[in-house]
Amino acid sequence: MKPFTRLDGLVAPMDRANVDTDAIIPKQFLKSIKRSGFGPNLFDEWRYLDIGQPGVDNTGRPQNPDFVLNQPRYQGAQILLTRDNFGCGSSREHAPWALEDFGFRVIIGPSFADIFFNNCFKNGLLPIKLPAAEVDELFAQCFNATGYRLNVDLQARTITRPDGKVISFDVDAFRRECLLNGWDDIGLTLRHADKIREFEARRRIDQPWLFA
Amino acid sequence: MQAQTLYEKLWSSHVVHVEDDGTALIYIDRHLVHEVTSPQAFEGLKLAGRKLWRVDSIVATADHNTPTDHWEKGILDPVSRQQVETLDSNIRESGALAYFPFKDDRQGIVHVIGPENGATLPGMTVVCGDSHTSTHGAFACLAHGIGTSEVEHVMATQCLLQKKSKTMLIRVEGRLGAGVTAKDVVLAIIGRIGTAGGTGYAIEFGGSAIRSLSLEGRMTICNMAIEAGARAGLVAVDDKTIDYLKDRPFSPHGDNWERAVAYWRTLHSDEGANFDAIVDLDAAAIQPQVTWGTSPEMVAAIDGIVPDPALEKDPVKREGMERALQYMGLTPCTPIKNIAVDVVFIGSCTNSRIEDLRAAAVVARGRRKADNVKQVLVVPGSGLVKRQAEAEGLDKIFVAAGFEWREPGCSMCLAMNADRLEPGERCASTSNRNFEGRQGAGGRTHLVSPAMAAAAAIAGHFADVRDLA
């Protein structure tokens, strides 16, 4: 996993609540057996005027000029500003894969769906929960200033706005450590292999019907 | 000992290790695997030179991509076929407790085949790379969806890194009215608490109305816990749970059965256990439900109307409603019963079990679908459900009514196979998500119960199933 430490990035505002993972990456692209290449189909149904298909070159497709990520001022955005319950619905990890592949590293919103939130941390993507009032201010500032950027520091757990205001955010210590170092969860867990084996052996005695 | 909730009992019996910040390593008993969210996990395992920790924890099937007709032709879409064949070869290499591949007698939707084979048992932790894994909580097991990285993590370590959830009790007390089903109950719950109402919680469903439901109805409720934002839904063990599991292929047998039952009977929240939140619903007040928007919380009773966004004070919500009505092609204040449908879909992990098909058949018996309804798909949840339905003659009732009787799979719930809506088509669907494009780009989904879906097929528009009885 790519480590994440700090980022000074352009912000794109997605001003709608309940953005679901079907919208982030529609089902036809889930047929891939790869982890990469989903970026061109991120938000496919909103981003293009035709219906996308897997394995097709996307460069010539008609784009929806009204869609936020198609607007020139948000090209190259690495921080996505969102509303409540972002990433709800399907557990598809293709959603964070698509966001990361497109170029996003940070998603800021008042709340996230649990599974999506969890999946982000496995892919070097930092989801940040902020109070709704803070998010409202960020939206207002972002709409009012072209080239609006935020500075996100995971070590310090802060977001610095262009006007100098510093916003602190919470992140689980363990997740933060993994993300800062780009650690692979599996390797970390296998350090406890003996404990797992011990637990399993006890379980085999207590509930033998769980084992074939 | 302090009174514990069911969730706390399940959690504490699976903790292997806890980090300083409370992140815990949880042991996983059952890993359900399907073709869409597993290939990258198997590949990751191979690339890292790691092995499956415990082969006999895995039960696998192909369901999302499989066609529901003309099985003799195989899978025509080459991309879908490759994904299903990838699962075949991965399982061939790795092994599994059970694999029900495409065309197998017991193939079906992963959340239908687990319980019906006794591969889902009380007290287990159950995971799957699919958000509707919450279904299995109906058996008092801690079950939730995971991403593909976590699929790989469970394959390699038999564990999952988890933070403990908060607990919510949703009590539904009283008697459900005639024609009101588990689906209506869970839609009413989501209408009440919202699609983010359960975020961060494990929801236990209790109360006399929940206890009165069969295991199938309880599965419908827990299935949609995720639509209320909760990764896991739970229902306590009772006699019905134990009766359901008796003599299933992977259920315990002999002495183990007695031992297991004694343990399972402890799987309920203790008297006086403390929940972080409690929500009460009156069963008698719940009407048959129909969603009108693009989020499951956008729901109304059958005798209700499409709401007017102008009356909503919260600007983000108002814009969401306006966008939903525009996408759905609906005008505020339209009576729900005046909305005509083009397609009806009866199936999905929410509502494709035998009881669901029986409920739809009661309505369809001796009737014909309306002429304006182009297609009515009935897709059983598994090969076993299909054969049971055929033994009861349900397939003949459906065909006589002009419905199509299909092979099992996820089908039009998410439209990864050929079963999908065309842009602008309106569907009465027994599935779980009415998101934009969910059943096909531009398609318009209204979530309903199986009986209400059949009623819409007959009437040509949404109709109160209680008027058809």
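Residue numbers start from 1 in every chain, and the chains themselves are labelled A, B, ... in the order their sequence lines are given, proteins ahead of strands. Predicted model, so just to flag it, every value in this text is computed and none were measured.
Between B:W53 and A:R197, some side-chain heavy-atom pair lies under the 4.5 Å cut-off. The shortest distance between side-chain heavy atoms of A:P208 and B:R259 falls below 4.5 Å. In this structure the side chain of A:L190 reaches within 4.5 angstrom of the side chain of B:R50, judged on heavy atoms.
For B:D20, no part lies near chain A; criterion is any non-hydrogen pair under 4.5 Å. With a 4.5 Å cut-off on non-hydrogen atoms, A:R83 touches chain B through its side chain but not through its backbone. For B:S149, the parts lying under 4.5 angstrom from a heavy atom of chain A are both the backbone and the side chain. Both the backbone and the side chain of A:F211 come within less than 4.5 Å of a heavy atom in chain B. For a residue to count as touching a neighbouring chain, one of its non-hydrogen atoms must lie under 4.5 Å from one of that chain's; by this rule A:D184 touches chain B with the side chain only. Using a 4.5 Å cut-off between heavy atoms, A:D206 touches chain B through its backbone atoms (N, CA, C, O) alone. Only the side chain of B:P423 comes within contact range of chain A, with heavy atoms under 4.5 Å apart. Looking at B:V55, neither its backbone nor its side chain comes within 4.5 Å of chain A, counting heavy atoms on both sides. Neither the backbone nor the side chain of A:A95 has a heavy atom closer than 4.5 Å to any heavy atom of chain B. Of the two parts of A:E45, only the side chain, counted from C-beta on, holds a non-hydrogen atom closer than 4.5 Å to a non-hydrogen atom of chain B. Both the backbone and the side chain of B:V16 come within less than 4.5 Å of a heavy atom of chain A. With a threshold of 4.5 angstrom between heavy atoms, B:E297 approaches chain A through side-chain atoms but not through N, CA, C or O. Contact of A:N118 with chain B is made through the side chain alone, with heavy-atom distances under 4.5 Å. Proximity to chain B is absent for every atom of A:S111, based on heavy atoms less than 4.5 angstrom apart. Heavy atoms of A:R176 lying under 4.5 Å from chain B are absent altogether. Interface residue B:T157: backbone and side-chain heavy atoms are both found under 4.5 Å from chain A. When heavy atoms are compared at a cutoff of 4.5 Å, B:H14 approaches chain A by way of both its backbone and its side chain. Proximity to chain B (any heavy atom under 4.5 Å) is restricted, for A:N18, to the side chain, taken from C-beta onward.
In this structure, A:K27 contributes its side chain and B:R438 its backbone to a donor-acceptor pair below 3.5 Å. Counting only distance, with no hydrogens or angles, the side chain of A:K31 and the backbone of B:Q83 share no donor-acceptor pair below 3.5 Å. Using a distance-only test at 3.5 Å, with no hydrogens or angles considered, a donor-acceptor pair links the side chain of B:D21 to the main chain of A:F174.
Between A:R204 and B:D29 there is no salt bridge, since none of the side-chain N atoms of the basic residue sits less than 4.0 Å from a carboxylate O of the acidic one. Between B:R433 and A:D20 there is no salt bridge, since no side-chain N of the basic residue sits under 4.0 Å from a carboxylate O of the acidic one. A salt bridge does not link A:R35 to B:E43: none of the charged side-chain nitrogens sits closer than 4.0 Å to a carboxylate oxygen. At a threshold of 4.0 Å, the pair A:R92-B:D130 does not count as salt-bridged, since none of the basic side-chain nitrogens sits closer than that to a carboxylate oxygen. We find that B:R231 and A:D114 are not joined by a salt bridge, their nearest charged nitrogen and carboxylate oxygen being 4.0 Å or further apart.
Between the side chains of A:E93 and B:T37, no donor N or O sits under 3.5 Å from an acceptor N or O. No side-chain N or O of A:R191 forms a donor-acceptor pair with one of B:H17 less than 3.5 Å apart. A donor and an acceptor atom, one from each side chain of A:W46 and B:E436, are located under 3.5 Å apart.
Between chain B and the options A:D172, A:D15, A:D84, heavy-atom pairs under 4.5 Å are most frequent for A:D172. The choice from A:I196, A:N119, A:I51 that makes the most heavy-atom pairs within less than 4.5 Å of chain B is A:I196. Chain B forms the most heavy-atom pairs under 4.5 Å with one residue out of A:T189, A:N123, A:D185, and that residue is A:T189. Contact tally against chain B (heavy-atom pairs below 4.5 Å) for A:P26, A:G52, A:G89: the top residue is A:G89. Counting heavy-atom pairs under 4.5 Å between each of A:A113, A:S90, A:A17 and chain B puts A:S90 at the top. Comparing A:D22, A:I33, A:L210, A:T21 by heavy-atom pairs within less than 4.5 Å of chain B, the highest count is held by A:I33. Between chain A and the options B:E227, B:Q82, B:E150, heavy-atom pairs under 4.5 Å are most frequent for B:E150.
The local environment of NZ in B:K317 is sparse, with at most 12 non-hydrogen atoms from other residues, nucleotides or ligands closer than 6.0 Å. The environment of CG in B:D255 is sparse: at most 12 heavy-atom neighbours from other residues, nucleotides or ligands sit within 6.0 Å. Counting heavy atoms of neighbouring residues, nucleotides and ligands inside a 6.0 Å radius, atom NZ of B:K51 does not exceed 12 of them.
Heavy atoms only, all atoms of each residue included: A:A212 and B:D56 are closest at N-OD2, 2.9 Å. Between A:S91 and B:G129 the shortest heavy-atom distance is OG-C, 3.7 Å.
Taking CD1 of A:I115 as the start and OG of B:S134 as the end, the distance is 8.0 Å to the nearest 0.5 Å.
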Please test A:W97 against B:Q40 for side-chain contact (heavy atoms from CB on, under 4.5 Å), starting from the C-alpha separation and ending with a verdict.
CA-CA 12 Å; A:W97 291 340; B:Q40 297 88 350; 3.7 Å; yes

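Using the six-membered ring where Trp is involved, A:W209 and B:Y263 have ring planes that are tilted, between 30° and 60° apart.
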